[in-house]
Amino acid sequence: DGGITQSPKYLFRKEGQNVTLSCEQNLNHDAMYWYRQDPGQGLRLIYYSQIVNDFQKGDIAEGYSVSREKKESFPLTVTSAQKNPTAFYLCASSIRDANYGYTFGSGTRLTVV
Amino acid sequence: GQQLNQSPQSMFIQEGEDVSMNCTSSSIFNTWLWYKQDPGEGPVLLIALYKAGELTSNGRLTAQFGITRKDSFLNISASIPSDVGIYFCAGGTGNQFYFGTGTSLTVIP
């Protein structure tokens, strides 16, 4: 079955450490996205990528970094520069752009301890 | 970044009742999307709308693209327990979409 796989489901990080969240898709989608979700808020765009080796900042890119070396993979690194990293992170993909809707992964819940 | 105003914030309804929720924006959008999210999971696309005034159904769900292009509405008819979850609207174009704050729906059997 095609889909998006995010791992791990739960992640704990000590303050000051970088951590990388994995996102892999086998849908042959061109575009991939990272969103952050906080309680009672809508999803906010961190980064997106329309093609391999190219990505664009979203509304809240500060403290995050991404790479897109393969079409199937779009890992997100939460750096120590991110002041409030505890959140639910969602990866998504779409065929070309998001007009036809995103396919979301099941999310990674990151907690800073 | 922009966030859309979605209302109501939460709803508690009896099984079998109809549900209405809406989403408004200060900006005009070319596309409106409606998603449902179960706890601890990613959102799942319910309905996509592409034209002002468009009315689209998906089973018991019906959504409308507002004529002003600044709002959208979602109705659920004859609610059932599995309708429980958080419903999000999203408006935008291309790769720039903005999400509403969500409507949490509880269905009481």
Side-chain angles (χ1 to χ4, degrees), chain A residues 3-10 21 23 25 27 29-51 54-62 74 87-111, chain B residues 1-10 21-27 29-51 54 56 58 61 63 65 69 72 74 85-105:
Chain A
I4 296 185
T5 302
Q6 287 188 244
S7 61
K9 182 72 174 172
Y10 299 95
L21 282 59
C23 179
Q25 56 101 356
L27 299 165
H29 284 175
D30 290 322
M32 297 187 74
Y33 312 80
W34 275 104
Y35 279 91
R36 171 179 170 139
Q37 185 175 28
D38 294 287
Q41 295 194 33
L43 282 63
R44 292 182 291 166
L45 182 63
I46 304 173
Y47 269 99
Y48 68 95
S49 167
Q50 289 186 273
I51 57 172
D54 187 54
F55 45 83
Q56 309 295 327
K57 291 183 180 180
D59 297 320
I60 56 165
E62 186 174 348
F74 192 41
F88 189 52
Y89 290 89
L90 286 160
C91 180
S93 69
S94 61
I95 293 173
R96 281 189 302 280
D97 59 42
N99 275 322
Y100 295 95
Y102 306 95
T103 300
F104 282 92
S106 57
T108 292
R109 184 165 299 282
L110 173 64
T111 303
Chain B
Q2 180 176 173
Q3 284 206 327
L4 308 184
N5 297 315
Q6 192 171 342
S7 65
Q9 199 169 26
S10 61
M21 60 190 77
N22 67 77
C23 202
T24 61
S25 165
S26 57
S27 303
F29 293 130
N30 289 334
T31 301
W32 282 95
L33 307 171
W34 283 93
Y35 288 88
K36 182 192 176 204
Q37 184 177 28
D38 292 326
E41 297 295 327
V44 174
L45 182 67
L46 299 173
I47 293 178
L49 302 158
Y50 300 108
K51 202 160 73 169
E54 180 182 356
T56 298
N58 177 6
L61 278 61
F65 193 139
R69 294 170 63 195
S72 181
L74 177 69
I86 301 178
Y87 292 79
F88 288 99
C89 61
T93 302
N95 284 307
Q96 194 63 53
F97 274 78
Y98 301 97
F99 282 78
T101 49
T103 294
S104 175
L105 178 63

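Per chain, numbering begins at 1; letters A, B, ... match sequence-line order.
- Of the atoms belonging to L45(A), it is side-chain heavy atoms, and not backbone ones, that fall under 4.5 Å from chain B.
- Shown here are the salt bridge (Lys or Arg N to Asp or Glu O under 4.0 Å) partners of R44(A), two or more places apart in sequence or in another chain: D38(A).
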Under 3.5 Å, which donor-acceptor pairs do the side chains of residues 38-50 of chain B form with other protein atoms, sequence neighbours left out?
unit_1, atom_1, unit_2, atom_2, d
D38(B), OD1, K36(B), NZ, 3.4
Y50(B), OH, N99(A), O, 2.9

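- Less than 6.0 angstrom separates the ring centroid of Y35(A) from the ring centroid of F99(B).
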| Stepwise ring pair (Phe, Tyr, Trp, His ring centres under 6.0 Å) check, F104(A) with Y35(B) | CA-CA 10 Å; F104(A) 282 92; Y35(B) 288 88; 5.6 Å; yes

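- For a residue to count as touching a neighbouring chain, one of its non-hydrogen atoms must lie under 4.5 Å from one of that chain's; by this rule Y102(A) touches chain B with backbone and side chain alike.
- For Q9(B), no part sits under 4.5 Å from any heavy atom of chain A, backbone or side chain.
- The local environment of CD in Q41(A) is crowded, with over 12 non-hydrogen atoms from other residues, nucleotides or ligands closer than 6.0 Å.
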| request: Before giving the answer on side chain to side chain contact (heavy atoms under 4.5 Å, CB included), spell out for I86(B) and Q37(A) the whole-Å C-alpha distance, their side-chain angles and the decisive distance to 0.1 Å. | output: CA-CA 13 Å; I86(B) 301 178; Q37(A) 185 175 28; 5.7 Å; no

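- For chain B, the nearby part of R96(A) is the backbone; its heavy atoms alone come within less than 4.5 Å.
- Your options are Q50(A), R109(A), Q56(A), and the one with the most heavy-atom pairs under 4.5 Å with chain B is Q50(A).
- Remark: I95(A) CD1 is loosely packed, at most 12 non-hydrogen atoms of other residues, nucleotides or ligands lying under 6.0 Å away.
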| Could you walk me through whether L43(A) and F97(B) pass the side chain to side chain contact (heavy atoms under 4.5 Å, CB included) check? | CA-CA 10 Å; L43(A) 282 63; F97(B) 274 78; over 6 Å; no

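- Heavy-atom pairs under 4.5 Å with chain B were tallied for G58(A), G101(A), A31(A); the largest tally goes to G101(A).
- Contact annotation for Q6(B): neither backbone nor side-chain heavy atoms come within less than 4.5 Å of a heavy atom of chain A.
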